[in-house]
Amino acid sequence: MLKTTTLRKNYEFGRVYQKGQHVAARTLVLHYFSRRHRQLRLGVTASRQVKGSVARNRAKRLLREAYRLHEHEIKPGYDLILVGRAVDPPATYWDVEADLLRACRRAGLLLLPLQERGRPSGEQKTSEPAP
RNA sequence: UGAGCAAGCUGGACAACCGCGGGCGCAGCGCCGAAAGGCCGCGCGUGAGGAAAGUCCGGGCUCCACAGGGCAAGGGUGCCGGGUAAUUCCCGGUGAAGGCGACUUCAAGGACAGUGCAACAGAAAUAGACCGCCGGUUUUGGCCGGCAAGGAUGGAAAGGUGAGGUAAGAGCUCACCAGCAGCCUGGCGACAGGCUGGCUCUGUAAACCCCACCUGGAGCAACACCGUGGAGGGACGUAUUGUGGCCCGCAAGUCCCGGGGAGGUGGCUGGAGCCGUACAGAAAUGUUCGGCCUGGAUAGAUGGUUGUCCACGACAGAACCCGGCUUACAGGCUUGCUCAGGAA
């Protein structure tokens with residue numbers, strides 16, 4: 001597998017924000033911009049609402065980890081930016097992973113149609129503390 | 001045992017799998033490159049804090065400025081001695097205040113340099129007669145004079161307590177205490193103790209202020225180098241090229257100044273360093289010897305999942321580096337001491 005290449009410069013971020021489209025979920029916002037027949041690139045950041053560097057680092061790490069484990073399922077040829085949002089109970093990895101897959105499916109970025117091949121353990125975790 | 005005081009330490013543990021930054025090593029000769037080397041791969045070790053935070057002080061470091069002196073401005077700097085690179089920090093002491101005590105707390109120079117303020121209450125706030133006490137007088141209403149003891153107000157009322165004294169009183173006189181001044185003794189000193197003297201002088205300087213002391217400015221986005229490089233200005237015009245018959249001139253050219261936006265490298269971590277040891281010291285701390293190398297990112301590395309355990313995990317993330325201060329913080333541990341009760 002290729003190593004994840006990251007967006008680095010400010011103009012790269014600005015291009016995705018301005019020219020790209022975005023999809024929001026509860027724990028994150030996905031910005032994406034087609035770059036036609038190149039590899040997938042990722043930028044990770046945290047929203048202004050996330051206070052404190054510890055919380056910001058935590059949000060970005062979860063986003064990076066979720067992306068890392070699902071990079072091979074996403075269509076190549078895009079620049080992606082994942083923005084972590086502030087959530088009142090702190091988000092777990094499973095929340096972030098589920099939101100990431102949901103956002104990618106709504107944006108049409110998944111290679112497979114995602115018909116119930118999502119993680120069964122994730123469903124358990126999210127449905128357990130509801131009552 | 002309970003309550004408490006002080007000092008210090010710690011800040012989930014273990015395992016498996018999958019990842020990240022940087023370091024060292026290795027081989028492949030897979031990719032890029034003229035090469036040096038880089039990318040990819042594998043392995044080994046390593047990788048956030050006690051506050052990394054607030055940016056409040058003190059320094060190192062870098063650039064700019066700089067004859068000397070004075071003024072201004074700023075400074076919560078302000079008892080004494082020591083420590084330190086330095087401090088407003090630390091240690092020890094003095095004084096004051098609080099606590100039964102262990103101990104804690106402290107903007108702790110100056111109020112005869114000047115100015116201001118002291119609300120309300122109260123008769124009166126550096127100033128006094130409301131009630132009261134005493135004497136005189138009286139037309140029985142009061143009037144005149146003396147008095148700061150008592151009442152009352154207040155944060156503060158003219159040193160305090162007692163005795164003498166007196167018409168009643170008062171440092172008016174005396175004793176002790178407090179304060180003030182001088183001298184002597186002890187101490188490096190802040191001060192402490194003693195003696196003598198005169199006889200009592202309000203508080204507030206975290207009010208202005210005065211005195212002493214300190215202070216050049218900006219900060220790693222400093223700064224240095226490489227690369228990129230659009231205008232514009234000045235000088236030369238000797239040699240070369242173009243225009244031209246030739247000269248001047250113009251343009252190219254050479255040199256200097258200047259310089260808008262992308263970037264990259266260094267600075268960048270070995271340091272007032274950490275651990276142990278011995279010595280000096282009451283302690284902060286210093287010195288000797290030995291050992292160790294322990295983050296360096298740049299959209300910014302320490303993570304994710306699972307399992308087991310327990311006291312069920314607080315505050316919180318390096319961005320040039322140190323020393324301090326302040327603030328936030330779930331719990332846990334150690335040592336010394338005090339008080340109370342009990343037992344022996």
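Scope of the values below: all heavy atoms of this structure, side chains included, with no hydrogens, waters or symmetry mates.
Pair check for B:C337 finds B:G4; Watson-Crick or G-U wobble, both atom distances under 3.5 Å. For B:G307, the paired base is B:C14 (Watson-Crick or G-U wobble, both distances below 3.5 Å). Base pairing of B:U55 is not made with any nucleotide, judged by Watson-Crick or G-U wobble geometry with both donor-acceptor distances under 3.5 Å. The partner of B:C61 is B:G219, judged by Watson-Crick or G-U wobble contacts that both fall below 3.5 Å. In this structure, B:G25 forms a base pair with B:C42, meeting either the Watson-Crick or the G-U wobble geometry with both donor-acceptor distances under 3.5 Å. Pair check for B:G182 finds B:C195; Watson-Crick or G-U wobble, both atom distances under 3.5 Å. B:U254: Watson-Crick or G-U partner is B:A235, with both key distances under 3.5 Å. Here B:G49 sits opposite B:C315 as a Watson-Crick or G-U wobble pair (both hydrogen-bonding atom distances under 3.5 Å).
Listed nucleotides B:G300, B:U305, B:G317 differ in distance to A:Arg61; the shortest reach to its side chain belongs to B:G317. The listed nucleotides are B:A299, B:G317, B:U306; the one nearest the side chain of A:Trp94 is B:U306.
A:Tyr32 is not listed as a side-chain neighbour of A:Ile81, based on a closest heavy-atom distance of 4.5 Å or more. Considering only heavy atoms from C-beta on, A:Leu82 comes within 4.5 Å of A:Leu100 through its side chain.
The CG-P distance, from A:Asn57 to B:A299, rounds to 14 Å in whole Å. Atom OH in A:Tyr67 sits roughly 15 Å away from atom C1' in B:A299 (whole-Å rounding). In this entry the distance linking NE2 of A:His70 with P of B:G19 reads 14 Å, nearest Å. What separates CZ of A:Arg56 from C1' of B:A297 is a distance of 17 Å, to the nearest Å. Residue A:Leu62 contributes atom CG, which lies 7 Å from atom P of B:U305 at whole-angstrom precision. Here the P atom of nucleotide B:G19 and the CG atom of A:Leu42 are 17 Å apart, to the nearest Å. Atom CD in A:Glu97 sits about 16 Å away from atom P in B:G19, given to the nearest Å.
Between the P atoms of B:A318 and B:A48, the separation comes to 14 Å (whole Å). Across B:U137 and B:U173, the matching C1' atoms stand 34 Å from one another, rounded to whole Å. B:U10 and B:G49: their C1' atoms are spaced 13 Å apart (whole Å). Rounded to whole Å, the P atom of B:A86 lies 15 Å from the corresponding atom of B:G324. Spacing between B:C89 and B:U326 at atom P, rounded to whole Å, works out to 9 Å. For the P atoms, the distance linking B:G92 with B:C106 amounts to 15 Å, nearest Å. Using C1' as the reference atom, B:C56 and B:G160 are 48 Å apart when rounded to the nearest Å. Straight-line distance between the C1' atoms of B:A262 and B:G229: roughly 11 Å, to the nearest whole Å.
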Inset, instruction - Go through the steps for A:Phe33 and A:Leu80 under the test side chain to side chain contact (heavy atoms under 4.5 Å, CB included), then give the verdict. - result: CA-CA 7 Å; A:Phe33 174 63; A:Leu80 305 181; over 6 Å; no
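In this view, A:Ser53 satisfies the side-chain hydrogen bond (donor to acceptor under 3.5 Å, both in side chains) rule with no residue, not counting sequence neighbours. Evaluation of the side-chain contact (heavy atoms from CB on, under 4.5 Å) rule for A:Ala24 yields A:Val29, A:Arg85 as partners, not counting sequence neighbours. Considering only residues two or more places apart in sequence or on other chains, A:Val44 meets the side-chain contact (heavy atoms from CB on, under 4.5 Å) condition with A:Leu42, A:Lys60, A:Leu63, A:Arg64. In this view, A:Arg26 and A:Val87, A:Asp95, A:Asp99 satisfy the side-chain contact (heavy atoms from CB on, under 4.5 Å) rule, not counting sequence neighbours.
Looking at heavy-atom distances under 4.0 Å, A:Arg64 makes contact with sugar-phosphate atoms alone, never a base.
Nucleotide B:G270 carries an anti base; the chi torsion (O4'-C1'-N9-C4 or O4'-C1'-N1-C2) is more than 90° from 0. With its glycosidic angle within 90° of 0, B:U294 adopts the syn conformation. For B:G50, the O4'-C1' to base torsion is within 90° of 0; the nucleotide is therefore syn. For B:U326, the base is anti relative to its sugar; the glycosidic angle deviates from 0 by more than 90°. Glycosidic torsion of B:G28 falls outside 90° of 0, placing the base in anti.
Residues from residues 46-55 of chain A lying near RNA chain B, meaning a heavy-atom separation below 4.0 Å, are A:Ser53, A:Val54 in numerical order.
The residue among A:Lys60 and A:Thr92 whose nearest nucleotide of RNA chain B lies closer to the 5′ end is A:Lys60.
For A:Arg56 (side chain) and A:Ser47 (main-chain N/O), a donor-acceptor pair under 3.5 Å exists by modelled atom type.
Aromatic rings from A:Tyr17 and A:His31 are positioned such that their centres are separated by under 6.0 Å.
Of all non-hydrogen atoms in A:Ala91 and A:Leu62, the two that sit nearest each other are O-CD1, 3.7 Å. Of all non-hydrogen atoms in A:Val50 and A:Gly84, the two that sit nearest each other are CG2-O, 3.9 Å. Minimum heavy-atom separation, A:Val83 to A:Ala46: CG1-C, 4.2 Å.
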Report all interatomic pairs (protein N or O, nucleotide N or O of nucleotides 15-18 of chain B) with separations under 3.5 Å.
unit_1: B:C18; atom_1: O2'; unit_2: A:Arg68; atom_2: NH1; d: 2.9
unit_1: B:C18; atom_1: O2'; unit_2: A:Arg68; atom_2: NH2; d: 3.4
unit_1: B:C18; atom_1: O2; unit_2: A:Arg68; atom_2: NH2; d: 3.2

